Structure formats: structure tokens, C-alpha cells
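Single-structure report; data block below.
Bear in mind that the values here come from a model prediction, so they are computed numbers and not experimental data. Throughout, protein chains are lettered first and strands after them, A, B, ... in sequence-line order, and every chain is numbered starting at 1.
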Amino acid sequence: MTTSPPTLHENPWFTHTVRITNLIDETEGVATYQLVMIDGNSSLAYEFVPGQFNMLYLPGVGESAISMSGDPARKDGWIHTVRVAGNVTKTLARLQRGDTLGMRGPFGAGWPVEDLVGNDVVIVAGGLGMAPLRPLVYHLINHREQFGKIWLILGARTSEGLLYPTEYATWQKRDIEVTLTVDRATAGWNGHVGVVTQLIDRLQLPRPEQTHLMTCGPEVMMKYAAMSGLRLGIDARQIWVSMERNMQCAAGLCGHCQLGPEFICKDGPVVRYDRIRPYLFVEQL
Amino acid sequence: MSVPLSPRFFAKSQLQLLIDELRHRSYSVVGPTVDQEAIVYGDIQSIEQLPRGWTDEQSPGLYRLKRRDDDAWFGFVVGPHSWKKYLFPPKTTLLSAEKIESGWQFIPRSADKTKFALLGVRACELAAMRIQDQVFLNGPYQDPLYRERRKQLFVIAVNCTQAASTCFCTSMKTGPRCEKGYDLALTEIDSGFLCEVGSERGKEVLDAFVSLARRASEGSSVDSNSTVDNVSTYEAYDATPEQLKSADYARQQAVDQITKHMETSDLPGLLLSNLDHPRWKEVGERCLSCTNCTMVCPTCFCSSVTEVRDLNMDRVERERTWDSCFNPDFSYLGGSLVRNDTASRYRQWLTHKLDGWHAQFGTSGCVGCGRCITWCPVGIDITEEVAAIREGTSP
Ligand code: SF4
Ligand code: SF4
């Protein structure tokens, strides 16, 4: 028996203990956690591709697939933004700084960051869909000179749901054009009201054939965002969406997360639009 | 592999010595045996446990054991069990969690030491094992238990000498001849077994078994329940031309009896491009969503994990059990079920098995064993469903 933990390839079930070292309340029912591995101080710890996810495990309750939402260059913990949605996330919400839980990962295929080099990027986020996109934004900023124009279009039901509002100014400064929209204006909101596609349709892309669109949010929103992208002249092979499915093993071994021929856990969660298009919105697929 | 020996021949009763030799090498030998009116796979210590003189009669929705008019030892086809239960057990603990003072700690399952020797693996089942290898070993992630057991596995194949009305291995190009993936392969003829060697390990066991058989025939000490009836048959252990001919004839019988066919030239592609075909609804009305087809299928691999905890929640085990795309909860997502009716579940099963599987694992998910046809309580026939989808499709 070796003492070093097995690789994910050898044992995708191998679970690390992580401790909550920081906890930030974002909006109603949404919090961001910093999780530090108590057994992992190797230099590879915390390495991930933007768009990948970890399985977070609450013993006795179960696991949940949660995307990384932190800066991939940071090496001081896993950052996850979590919305209370089921039993696992409900239990997680009751934990405090210092508490431990289980974690395995990182899993899945992330945003195609290599393909973006030298190109323009449109990022479209809906609600909590900003969480898996934030590592991408950080990555683009960390290597800002490698990329062309970058737009970030962020929508939510109300302004409360716009995640990470304090960071928008920094992003703008790094030459990302951030535009916001809400479905419903509440007191104090004097920005755009309407769906994200209205903002996409308005974009003047200087070179659509060299533009890539990355989107994450509710499935309907992603579908319309992709369609708007196509109308602007972006090739379907340059549009990427981040899908949600019931993931249990995260390793393509349990069969739960299939959509058409894809295992969302292993071939996704980020998938190319032209490949997934025939299966999006086929009823009950 | 460098083991192209010419087939050996041994008398039937000497199969006991092979079992003894494998047990001596600390294998758990498992093979066909009669239980609850079916031929199933279970522990085998003695040749007496094999279904000698039994056969199975199969058709859509129907399985019946019958006495044969001869004493053939492997004169049946495949039953409700498949070998996957040994490599991918129906229930297994993946890891445990223990609460200690500093918090949760997670203990991986300890390495599995079980060595199985499978006796009586048919050609379609060898193919099913290769498919599960693709799933559990050859992707980006491996299943550790499957890997450990697979590495230790000893496979004694048996060539089919008859076929059921539900068999269509010839369509799926998986049988009935055992071509690869075995350590030893037997063909049964009236007077005994012809034995081919498929691996170094197989050769080693066969050689050891041969000397064991010699000693037995010379009357020295071997396991007491070993019965060697005819010394002289044994000594001629290179199969004679007549024996080779009988074996060919026996195997050809299986080929000749296969009547079922599934056209595969437009698979993959056909099903995933016909997701709104009316046939799905029609079969959805017949299908009971009982999960039988997925449980008996030798390649189906879906599973779920549940939490098993002690009362004060200080120790939790994560237990994996077989699941099925026919279970309503299987497609649970964010508070609702994606596949809410039977038609969508049947469509998931068939499109995955015959279509999506190719993209995922580079092979069909069906080996043509016919189990899903036999064990479907309403006799839904996978080959007919594919044909029906094709029929209502403009090419
Ligand atoms: S789908 Fe049916 S015929 Fe094909 S391998 Fe599975 S059980 Fe056998
Ligand atoms: S096809 Fe037959 S065996 Fe499979 S779930 Fe439906 S009724 Fe059960």
C-alpha cells in the first residue's frame, strides 16, 4: 500500500477532508465558501480549469456537484459559491467556519480557455450561472494581453441576484465591458430591465468569426443566448454552455447525468453548443 | 500471447480436477447451477452442482427449464444472471466516513483480494466483459473494485453448442464462437471436453491440472471427491482429428439455430436522430418500467449511491447499488424528474445502449445475449423495437 492518496483516475471515490476557513454571504440563500484540504499541501492542490467542479460531501446526507468559483491562480483553497437547493446544500448552509466536510475532484471539462487565445469573448451569465464563469473572468484578466475584446453580460431576476457586485468595477478596469440587466427593477435600480438576449443582440462584434460565446445559467436562457450568438455570426462550434444534470459519481461510471450521447459530468459540464443542440429541449431526454 | 496450443481433450469428470486446481490456487470458482427454476451463477465446488442434463427454453417473456434427453453438462444458453455481479457487485461499500474530534475523516474501501474463476462464460458474455472494461477501466476514471477483481480474474469460456430463439450474437458479431478474452475455452462433445488455451495463465493452470490428472490416474493423493473414471482417455490429451470434428459440428449447431437478427448498419445514428418517433410512445405504453431488462443485461452499469449511517451519525458508509434508467428517480434533477414517463425511459435505455454507447465507449452496448427479451414480463423485443423505429424513418 502506498501512503500518497490515489489519483482521481485510480479512484474517483477518494474523498478528502476539507475545512471551512472562510464563509461569505452573497445574497439570500447564496454563500461562498473557502475550503482547505487538511491532507493536501502538495503544489498540485487546488489546481483546476475554470468551469470544472468538485463533489462536496456531507456524510449521512450525500454529495452535490458544485463548480469552482474562485481564481484558478490562487492556491489557498477551493472557492465554491453555493445556493441552498437540496438536502446537501441545506446542510452545508448550517455549517460554520472550522467545520469539516468531504470533497473529491476536480471533475469535468471546463471552459475552452486555450481556444480563446487571440480571440474576442462574450460571456453571458444568468443568476448563479455567474459562479462557474467567475474563474474564467479571473483567468482572462490574469492573462489579459492574450485575449481581444471581452464583454460580460450579467442578468438576474432582480438586482439582488447579481453575484459579486463589488468586483464589477475591477473587471471594467481590466478592460472587460460589463453590462447588467434584471428581469424586474426594484427600488434603487436604474439600469437595464429585460432579458440578457436583448443586450447580446445589441453587441457590435468587430469580428464575429473570431468571437466565442460562453454562457451559464438556466437552460432556457442559455438556449436563447446561443441563438442570439448565432444571429451575430458566431459559429456554433464557438459557443459553449455549462449544463446541469444529476451527477452522482462525477466520473462517467454511474449513468445518471447523460444527455443524448454526453455524460455531463465527464464530457461537460461545459459542452460545445453544436454538439448538445440536438438534445437541448427534447422533452424528457 | 504466445500460446497457440492445439486443443487438448479430457473426459468430463476430470473437470472436477480443474475446479480443484483453481481452488487450490485460492480462486473462488463460480459457475452455472440450478436454483429457483433457472440456471444461475453461484459458487461451484463440485461438478455435481452443474446443471447436467438440463436445458432452457426461451422466448420473449418466457424462460423454462427442461430436462434434456441427453446428459450434456453445458446444454443450455444464458440465464437471468450475468457475470457482472462478480466484478461490479449489486451492492458495495465505496468508502466510510468517521467523525473524530478534529472532524470528518474518510476511509477508502480496502483493496479487494477476492480471486474469481468464472466457469462457463459464453462468447457474448466475453464480449460483455470487454464492454464493461471499456466503461470501468479504459476511460479517464477507473472503478477500483472492478479493476482489482478484473486483474485477478480467471475465465473458463464454454462454446455454445445450441442457441435460444432470443439469441442474436451473430448480428452483434460477438459469438457464438469464443475467440478471445479467456484463459481456457471448452467445447463439449459427447465423450468429453476440448480445451483451448487463451493465455499464459490458462496454460499454467492447464499444465498443473494435467499433472494433477496424471497423479490421480496413477492413484496418488488428490482431493477425495475427484473422480477419474478413465485413465486411458486421459492420456490422449491432444485432441484427435475426430474429436476436433465433433467439436466443430457441435459449435456449428449453435450458429445454425440462431434465427433472431438485428440490423446494425445504421447504428449508431438511427435512434438519436429519431427522438420524436411515435414508436417510443407506443412501446412506452407496453413497457412496465420494471427494470428487469437493465438488471439482467450483462453490460448495463448504472448505479446509485446511498448513505448508510449509524444512529448517532458518527459513522457513515457510502453504499453503491445497481440502479436503472427505468427507475423514476433515476433522472431526478433539482426537485423534479427529467424522464417523467415510461416512453422517455425506454427511449433513454435503447438510445444509450445502441447509439450513445458508441460515442462514449467506441462499441455498442448490446452483445445480443437476448436476456432483456426473455426476462421482459411483457416480452418487449429489442430487435423488434429497433426495426420499428427504422421502418417509420425516411432514409
Ligand atoms: S440489451 Fe438485451 S440482448 Fe443486448 S446485451 Fe443487454 S440484455 Fe443482452
Ligand atoms: S422493457 Fe420490459 S423488462 Fe425493460 S423495463 Fe420495460 S417491461 Fe421491464
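A cation-pi contact, defined as under 6.0 Å to the ring centre and within 45° of the axis, links Lys84(B) to Trp322(B). Within the cation-pi definition used here (under 6.0 Å to the ring centroid, within 45° of the axis), Arg318(B) qualifies as a partner of Tyr57(A).
Contacts from residues 138-147 of chain B to chain A, taken as heavy-atom pairs separated by less than 4.5 Å, involve Gly139(B), Pro140(B), Tyr141(B), Gln142(B), Asp143(B), Pro144(B), Arg147(B) in sequence order.
Using the six-membered ring where Trp is involved, His16(A) and Phe14(A) have ring planes that are perpendicular, over 60° apart on the 30 and 60° scheme. Relative ring orientation between Tyr46(A) and Trp78(A) is described as perpendicular, the plane-to-plane angle rising above 60° on a 0-90° scale split at 30° and 60°.
Chain A forms more heavy-atom pairs under 4.5 Å with one residue of Ser331(B), Cys302(B), Ser303(B) than with any other, namely Ser303(B). Of the residues considered (Gly255(A), Pro278(A), Gly86(A)), Gly255(A) shows the highest number of contacts with chain B, using heavy-atom pairs under 4.5 Å. Interface remark: of the candidates Leu137(B), Val135(B), Asn340(B), Leu95(B), Asn340(B) forms the most heavy-atom pairs closer than 4.5 Å to chain A. The greatest number of non-hydrogen atom pairs below 4.5 Å with chain A, out of Ser344(B), Gly356(B), Ala359(B), is found for Ser344(B). The choice from Ala85(A), Gly98(A), Gly102(A) that makes the most heavy-atom pairs within less than 4.5 Å of chain B is Gly102(A). Most heavy-atom pairs under 4.5 Å with chain B: of the set Glu262(A), Lys266(A), Glu63(A), this distinction falls to Glu63(A).
Between the side chains of Thr32(A) and Glu26(A), at least one donor N or O sits under 3.5 Å from an acceptor N or O. Side-chain contact, Glu98(B) with Ser96(B): no donor N or O sits under 3.5 Å from an acceptor N or O. Residues Thr81(A) and Ser69(A) bring a donor and an acceptor atom of their side chains to less than 3.5 Å of each other.
Only the side chain of Gln248(A) comes within less than 4.5 Å of a heavy atom of chain B; its backbone N, CA, C and O stay farther away. Residue contact with chain B, scored on non-hydrogen atoms closer than 4.5 Å, involves the backbone of Leu58(A) exclusively. In this structure, the portions of Ser102(B) lying under 4.5 Å from any heavy atom of chain A include both its backbone and its side chain. Residue Arg347(B) touches chain A through its side chain alone, counting heavy-atom pairs closer than 4.5 Å. Residue Val61(A) touches chain B through its backbone alone, counting heavy-atom pairs closer than 4.5 Å. Proximity to chain A is absent for every atom of Asp355(B), based on heavy atoms less than 4.5 angstrom apart. Residue Asp341(B) touches chain A through both its backbone and its side chain, counting heavy-atom pairs closer than 4.5 Å. For Ser304(B), the parts lying near chain A are the backbone and the side chain together; criterion is any non-hydrogen pair under 4.5 Å. Looking at Phe107(A), both its backbone and its side chain come within 4.5 Å of chain B, counting heavy atoms on both sides. Interface remark: Arg345(B) contributes no atoms to any contact with chain A (heavy atom separation under 4.5 Å).
Taking the ring centroids of Phe301(B) and Phe88(B), they lie at or beyond the 6.0 Å cut-off. With ring centers used as reference points, His256(A) lies under 6.0 Å from Phe330(B). Proximity of the aromatic rings of Trp240(A) and Tyr273(A) is defined here by a centroid distance below 6.0 angstrom, and this criterion is not met.
Two residues are said to be in side-chain contact when any heavy atoms from C-beta on lie closer than 4.5 Å; Ile382(B) and Glu385(B) fail this criterion. Looking only at side-chain heavy atoms (C-beta outward), Lys99(B) and Arg315(B) stay at 4.5 Å or farther from each other. In this structure, the side chains of Met129(B) and Pro298(B) stay at 4.5 Å or more apart for every pair of heavy atoms.
Between Ile389(B) and the choices Asp266(B), Asn274(B), Leu354(B), Thr351(B), the side-chain contact (heavy atoms from CB on, under 4.5 Å) rule is met once, by Asn274(B).
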